[in-house]
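Sequence lines set the chain letters: A, B, ... in the order given, protein chains first and strands last, and positions in each chain run from 1.
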Amino acid sequence: MKRTHRCAEVTAADVGHDITVMGWVQKRRDLGALLFIALRDRSGILQVVVNSETHAELHEKAVQVRSEFVVAVRGKLANRDASAVNANMETGTVELVAEEFRILSKSETPPFHIEDNSSANDVLRLKHRFLDLRRPDMQRNLMLRHRLAKCARDHFHDAGFLEIETPMLTKSTPEGARDYLVPSRVQPGKFFALPQSPQLFKQLLMVGGFDRYMQITKCFRDEDLRADRQPEFTQIDLEMAFVDVDDVIGVNETFLRKAFKDVMGVDVPTPFKRLPYDQAMSRYGSDKPDTRFGLELCDCSDLAVSSGFQVFSGAVDAGGSVRAINAKGCGPKYSRKEIDALGDVAKTYKAKGLAWIVIDEAGFKSSFAKFLTEDVLAGFKARLGAEPGDLLLFVADKDDVVFDALGHLRLAIAAKTGLIRPGTWDLLWVTEFPLLERDGEEDRWVAKHHPFTSPMDEDLAYLESDPGKVRAKAYDIVLNGVEIGGGSIRIHDQELQQKMFRTIGFTEEQAQARFGFLLDAFRYGTPPHGGLAYGLDRLSMLMLGKDSIRDVIAFPKVQTAACLMTGAPDVVDDKQLDELHIRLSDVPLEAE
RNA sequence: GGCCCGGUAGCUCAGUUGGUUAGAGCGCUAGCCUGUCACGCUAGAGGUCGAGGGUUCGAGCCCCUUCCGGGUCGCCA
């Protein structure tokens, strides 16, 4: 027997014709002399009818099937009687009248039912991921991911990009995330690292003369997992020579517009909004702001200084700030307990507390009422445009704490009060990131993006005198408050690169030891270049409205970075370790 | 490493103040059934209450430890 159709790909034109389908038994409905089988493949479900009166032998075989048996059925596609039409089914007007039937493979009773919105828990599903993948929503997810990846290849191919692979076994580089290491058998005591991204290689491809490169590739970072972070994930990575910021942004806006059109059928207008980093922080308290709603931050530091409220004035005196958001109309919506819960949110992000004022017709209620004179209150109300019914929330601290706390508060309030309209696709560039940031632990400047990111031309003068002031030619693309990609224009000038290394405390020897191959390359004619990388998993996740990238990865890992299906990671034979010149220490021995 | 949530039948869950033999729905098995599509009807099987320890006359329930999973902070250039 040879398959002629997928189950749900039969059309009205096929009615009356002989067809053969193969798939899994979704459901068996046995009416005695009449048997219905809902047959499923990746396209959907088709009902098969087996009649014992007309096909006794066939029926005898078919009644043996159970859920998830794999069968092949040949027969005539027929229209159902009007009374038997199932309007909830894509193929509900037709059915396959079996004339030949083969059980290709039996199945044990599956540990959970194969269906959308499975209520089975994650452990069970991930242990049996091969079954979980049969569920229609997992099939849809991975099909969308495929379309997105294909769209990227098509678009960048059409725009003159070449897909070139870069090594998986490479050199560990300092800074950034923790590397996954691979021991060398041939060179005792030495290790490869799996790439955190193809960053250096794609820059070398630019030096190598491939002026437009793209790749869809795995990246590895040995850090703790989150709903949107897996130890291995996939980037759509690209790099272009002879470009500046606007060129990179342009080709990517075209890509995203095409991706949303082709994959989602959604029109996203270009150009996208652009928001400089300092505005993103001061208005939204985040470098990946969700701008689908307001609740913007408002600086009240000047009012706070003269408020007579020590917590407020002290924060400003210490170089911090007092900022607030006005949760319009939330006064009556939030109980005291719920406001306290907002305080807990603020404390999660290191705020020492959350000060609040509820404005009502009669006056106000506040957590710091005794410090609120008429004048001070009037000042805050005017600054925040407050009206009766509003809930004003204040955080006083160092700027980074204030931004972090209020930034997350506005998300919490938006989520709780339903400010976010589903089905909106809010694309936004965040630009002009700081080039450097202070490393608290080591008390030095470190690259915020990476050490090859170019400073903005107008800030070059400050690189040595006031490094914190220098902005970078770096940009992130943000979708609905989630960073889906980021990149920068790179340094292509050797002198500037040296200066950059000096600023982040690298001696020439250290830089040479770590990035020598790149610096060598840059001595031989480097085109100006820059690029960007997307998180394919995250973009797929958002397009599907999911809140975990596990839903768009065929075989994901759990929070302990383990694969429940294969049991990886696992112990290996001593022989393998010997070959790799590795001796274990400090490993708690399990009972053998 | 910290904090929070969860773990009872194959699955999803209920389980009163600590009290007899731990229940339900779905699924599964067998029988019956010619238009089902959440098929129906009848009968049946199915339990290390995650694991270990403690308190108690008595623990699914209380306490301690631990394992597993999820969320989150730190971490993630």
Side-chain angles (χ1 to χ4, degrees), chain A residues 26-39 45-54 59 63 66-68 78 80-89 91-92 95 97 108-115 117-128 131 173-179 196-197 199-200 219-231 233 341 344-345 347-351 404-405 408 412 433-437 439-441 445-453 472 474 483 486-488 500 504 515 533 535 547-548 550 557-560 562 564 590:
Chain A
Q26 175 68 30
K27 187 76 187 178
R28 187 187 83 130
R29 286 183 290 275
D30 182 0
L31 274 64
L34 196 60
L35 177 71
F36 295 98
I37 294 172
L39 195 67
I45 288 175
L46 177 65
Q47 174 163 284
V48 173
V49 200
V50 183
N51 191 325
S52 67
E53 207 164 84
T54 55
H59 178 266
V63 288
R66 293 294 183 273
S67 289
E68 302 308 315
R80 299 193 194 182
D81 284 348
S83 61
V85 164
N86 183 345
N88 299 319
M89 223 175 137
T91 59
E95 63 189 4
V97 182
E108 293 179 15
T109 302
F112 56 92
H113 190 211
I114 309 302
E115 62 181 346
N117 306 313
S118 171
S119 50
N121 75 45
D122 292 348
V123 179
L124 194 72
R125 288 174 41 199
L126 290 175
K127 257 187 192 147
H128 306 273
L131 296 179
T173 52
E175 312 209 17
R178 193 176 296 111
D179 283 321
Q196 295 179 26
S197 78
Q199 182 61 40
L200 302 180
C219 302
F220 306 86
R221 295 180 188 177
D222 187 3
E223 299 290 349
D224 285 354
L225 286 78
R226 288 288 188 279
D228 62 352
R229 268 163 38 189
Q230 285 269 311
F233 61 100
D344 290 340
V345 171
K347 281 175 192 162
T348 304
Y349 301 96
K350 303 285 180 292
D404 209 17
H408 283 91
F433 276 79
L435 182 69
L436 303 154
E437 62 188 351
D439 184 318
E441 271 178 33
W445 291 105
V446 295
K448 188 169 175 70
H449 190 56
H450 59 62
F452 312 104
T453 300
E483 180 201 330
S488 66
M500 179 71 180
I504 60 174
F515 304 112
D547 46 25
S548 170
R550 281 192 289 256
K557 297 190 171 49
V558 298
Q559 202 162 52
T560 51
L564 296 181
E590 287 176 42

**Q** Can you pull out the residues from residues 445-452 of chain A that lie within a 4.0 Å heavy-atom distance of RNA chain B?
**A** A447(A), K448(A), H449(A), H450(A)
**Q** Strictly below 4.0 Å: does R29(A) bring a side-chain N or O up to OP1 or OP2 of U36(B)?
**A** no
**Q** Using the side-chain hydrogen bond (donor to acceptor under 3.5 Å, both in side chains) criterion, which residues pair with Q559(A)? Sequence neighbours excluded.
**A** none
**Q** Any side-chain N or O of K347(A) less than 4.0 Å from the OP1 or OP2 oxygen of C3(B)?
**A** no
**Q** Which value, rounded to the nearest 0.5 Å, describes the distance between S548(A) atom OG and D228(A) atom CG?
**A** 8.0 Å
**Q** Which of these nucleotides, G71(B), C73(B), G35(B), is closest to any side-chain atom of A227(A)?
**A** G71(B)
**Q** Measuring from the side chain of T109(A) (C-beta onward, heavy atoms only), which nucleotide among G74(B), G35(B), G27(B) has the closest atom?
**A** G27(B)
**Q** Which one, C37(B), U72(B), C33(B), comes nearest to the side chain of D30(A)?
**A** C33(B)
**Q** I'd like the P distance from G60(B) over to U20(B), given in whole Å.
**A** 10 Å
**Q** On the 0 to 90° scale, with breaks at 30° and 60°, tag the F452(A)-F515(A) ring pair as parallel, tilted or perpendicular.
**A** perpendicular
**Q** Are any protein N/O atoms closer than 3.5 Å to N/O atoms in nucleotides 12-14 of chain B? If there are, list each pair with its distance.
**A**
residue : atom : partner : partner atom : Å
U12(B)  : OP1  : N121(A) : N            : 2.8
U12(B)  : OP1  : N121(A) : ND2          : 3.3

**Q** Where the side chain of D224(A) is defined as all heavy atoms beyond and including C-beta, which of G1(B), G70(B), A77(B) is the nearest nucleotide?
**A** G1(B)
